[in-house]
Amino acid sequence: MSINKKIMELFHANEDRFVSGEEIARSLALSRTAVWNHIEQLKKSGYQFDAIPNRGYKLVHIPDKLFPNEIAHGLTTNIVGKKIISYNSVPSTNDIAYELALNGAEEGTVVLAEYQTGGKGRLGRKWHAPTGKDILFSLVLRPSLEPYYITLLTVMSAIAVGECLQKELTTVPVAIKWPNDICINGKKICGILLEQKAEIDKIDFVIIGIGLNVNTEKEDFSQELTESAISLKIIQNKTIERIDLTRKLISYLDEKYQMIKEERFAELREEWLSFSNTHEKRIIIKQGKGILEGDAIGIDEKGALLLREDNGIIHTVLSGDLQLI
Ligand code: BT5
């Protein structure tokens, strides 16, 4: 563990009082000069301390940066977030997580970034986010499932985000548009991108990529997105604490993944239904050049959408773009 991380642990354990330089030096076996140097480094990263001669330092401000040790502080999950890595800028957190998973990263590893130079949506589309305002998140999971359960993992992630926002942040209804959009007021607030490495009968690993618009301002959205996208800040009219929200998101994902592990698929389906904004509505699904039209009548246990055509035929749809008509 780095010295800065150890110092921050000491401050977190003593948030209500001043901690003297001498106490820090003694508990971490450092010289007083080394302590001073580390505090200066922490200040440069954005931490703020009250400093009183003879009494020491008191932590007064944590920077709005997705530092792993801050997110991990107080996290009590079983799997998700067991390891957290964060970057200032990466091409795509999904690509980094995929690479880490190929090299054996443990299940539950979370990769975060303040900015992505090549944020990815599905089918070669792009994910846009300004620097340092949103949550750009990828999670490595190694579920013992067959590859066709990948849609259920998307559904699970969407429920986790949906529940997190609805229970922790807003009373405005949160809706899931199958399979991977979370919407508020009919606008997209979060997109989910699952990528997997699988054999014929077994998932090797899956990367769950989540882009959540947190403190994005209206003017941060490109013209193309102003009508279709929204952020928590726009809804709440205030800045949201990203560290706390990331910690909560990790907890909800951990809880929902536990349900997958316990094969509580029917329960997940019920939860999904409570968030679905297309249930029993007239929809079209675009899949490449093909289009299906009919009524959305639910999802099956693998997360596939059930679409009933007017001739009564029920299609089990594993992927595609859904539109209400
Ligand atoms: C998605 O694809 O919605 C999946 C987005 C996943 C993004 C995360 S960020 C962390 C991780 N690392 C990555 O590289 N990706 C994941 P799709 O359903 O194809 O939607 C993409 C479309 O959403 C784009 O074509 C835009 O129209 C729209 N879009 C792009 N950025 C948006 C934003 N910030 N908010 C709302 N809509 C957006």
Side-chain angles (χ1 to χ4, degrees), residues 119-123 125-130 133-137 151 154-194 208-240 242 245 248-249 252 256 268-287 291-299 303-308 317 319-325:
K120 302 190 296 185
R122 293 176 304 153
L123 305 166
R125 293 187 284 238
K126 302 218 175 320
W127 187 258
H128 303 282
K133 294 190 177 176
D134 295 336
I135 294 180
L136 305 167
F137 177 109
T151 311
T154 307
V155 163
M156 165 208 100
S157 315
I159 299 169
V161 176
E163 248 185 56
C164 177
L165 298 185
Q166 195 75 83
K167 289 192 177 162
E168 307 287 344
L169 273 148
T170 179
T171 50
V172 185
V174 177
I176 297 175
K177 182 161 89 73
W178 185 91
N180 69 319
D181 287 357
I182 317 295
C183 300
I184 294 185
N185 291 341
K187 298 182 177 191
K188 183 160 168 173
I189 195 157
C190 173
I192 300 173
L193 170 68
L194 260 78
I208 298 178
I210 299 176
L212 176 60
N213 301 333
V214 182
N215 291 319
T216 340
E217 310 276 356
K218 266 202 178 98
E219 46 279 16
D220 290 323
F221 289 124
S222 64
Q223 209 171 357
E224 175 213 339
L225 293 178
T226 40
E227 290 304 313
S228 63
I230 201 164
S231 73
L232 288 168
K233 184 167 185 185
I234 295 171
I235 296 161
Q236 305 279 78
N237 209 12
K238 64 170 194 217
T239 304
I240 310 292
R242 287 187 308 151
L245 180 55
K248 285 179 173 143
L249 180 61
Y252 278 89
K256 298 301 156 200
L268 275 170
R269 192 170 53 182
E270 287 305 308
E271 291 188 1
W272 180 85
L273 274 180
S274 71
F275 280 111
S276 168
N277 62 353
T278 53
H279 190 49
E280 287 174 347
K281 298 220 169 100
R282 195 78 186 157
I283 57 161
I284 54 171
I285 299 264
K286 289 190 189 157
Q287 290 176 309
I291 289 190
L292 280 171
E293 179 175 337
D295 295 319
I297 57 167
I299 53 170
L305 190 84
L306 302 173
L307 179 146
R308 188 180 51 220
V317 189
S319 66
D321 281 311
L322 181 154
Q323 271 174 28
L324 275 171
I325 50 172

Legend entry - N/O donor-acceptor pair under 3.5 Å between Q236 side chain and L169 backbone: yes

Legend entry - Identified side chain to side chain donor-acceptor pair (under 3.5 Å) counterpart of D321 within the set K177, R122, K286, Q287: R122

Inset, instruction - Side-chain contact test, heavy atoms from C-beta onward, threshold under 4.5 Å: evaluate it for V161 versus L249 and give yes or no. - result: yes

Legend entry - Backbone N/O of G303 and side chain of W178: donor-acceptor pair under 3.5 Å: yes

Legend entry - Atom of L307, atom of E293 and distance for their closest heavy-atom approach: CD2-O, 3.7 Å

Inset, instruction - Working to the nearest 0.5 Å, report the span between CD1 of I285 and CG of L322. - result: 4.0 Å

Legend entry - Worked verdict on W127 versus L193 for side-chain contact (heavy atoms from CB on, under 4.5 Å): CA-CA 10 Å; W127 187 258; L193 170 68; over 6 Å; no

Inset, instruction - Could you tell me whether the side chain of D134 and the main chain of V214 form a donor-acceptor pair under 3.5 Å? - result: yes

Legend entry - Derivation and outcome, side-chain contact (heavy atoms from CB on, under 4.5 Å), residues L165 and L232: CA-CA 9 Å; L165 298 185; L232 288 168; 4.0 Å; yes

Inset, instruction - Applying side-chain contact (heavy atoms from CB on, under 4.5 Å), run through F275 and E163 and close with a yes or a no. - result: CA-CA 9 Å; F275 280 111; E163 248 185 56; 3.9 Å; yes

Legend entry - Donor-acceptor under 3.5 Å (K281 side chain, N277 main chain): yes

Legend entry - Sole residue of L273, I299, I159 in side chain to side chain contact (heavy atoms under 4.5 Å, CB included) with L268: I159

Legend entry - Main-chain N/O of G191 paired with N180 side-chain donor or acceptor, under 3.5 Å: no

Legend entry - Side-chain ion pair, K233 and D220, N-O less than 4.0 Å: no

Inset, instruction - List the atom of H128, the atom of L225, and the distance in Å for their closest heavy-atom pair. - result: CD2-CD1, 4.0 Å

Legend entry - Distance-minimising heavy-atom pair for I283 and A296: CD1-CB, 3.8 Å

Legend entry - Heavy-atom closest pair, residues L136 and G211: CD2-CA, 4.4 Å

Inset, instruction - Take S319 and T151 through the test side-chain contact (heavy atoms from CB on, under 4.5 Å) and record every step on the way to the result. - result: CA-CA 8 Å; S319 66; T151 311; 5.9 Å; no

Legend entry - Where G320 and P179 come nearest, the two heavy atoms and their spacing: O-CD, 3.7 Å

Legend entry - Closest heavy-atom pair and its distance - L194, S157: CD1-OG, 4.3 Å

Legend entry - Euclidean distance, D181 CG relative to I176 CD1, rounded to 0.5 Å: 10.5 Å

Inset, instruction - Mind checking the OG1-CD spacing from T239 to E217? Nearest 0.5 Å is all I need. - result: 7.0 Å

Legend entry - Side chain proximity check, I234 to T216, heavy atoms < 4.5 angstrom: no

Legend entry - Test item: I192 and I208 side chains (from C-beta on) under 4.5 Å apart, heavy atoms: yes

Legend entry - Salt-bridge present (D295, R282; N to O < 4.0 Å): yes

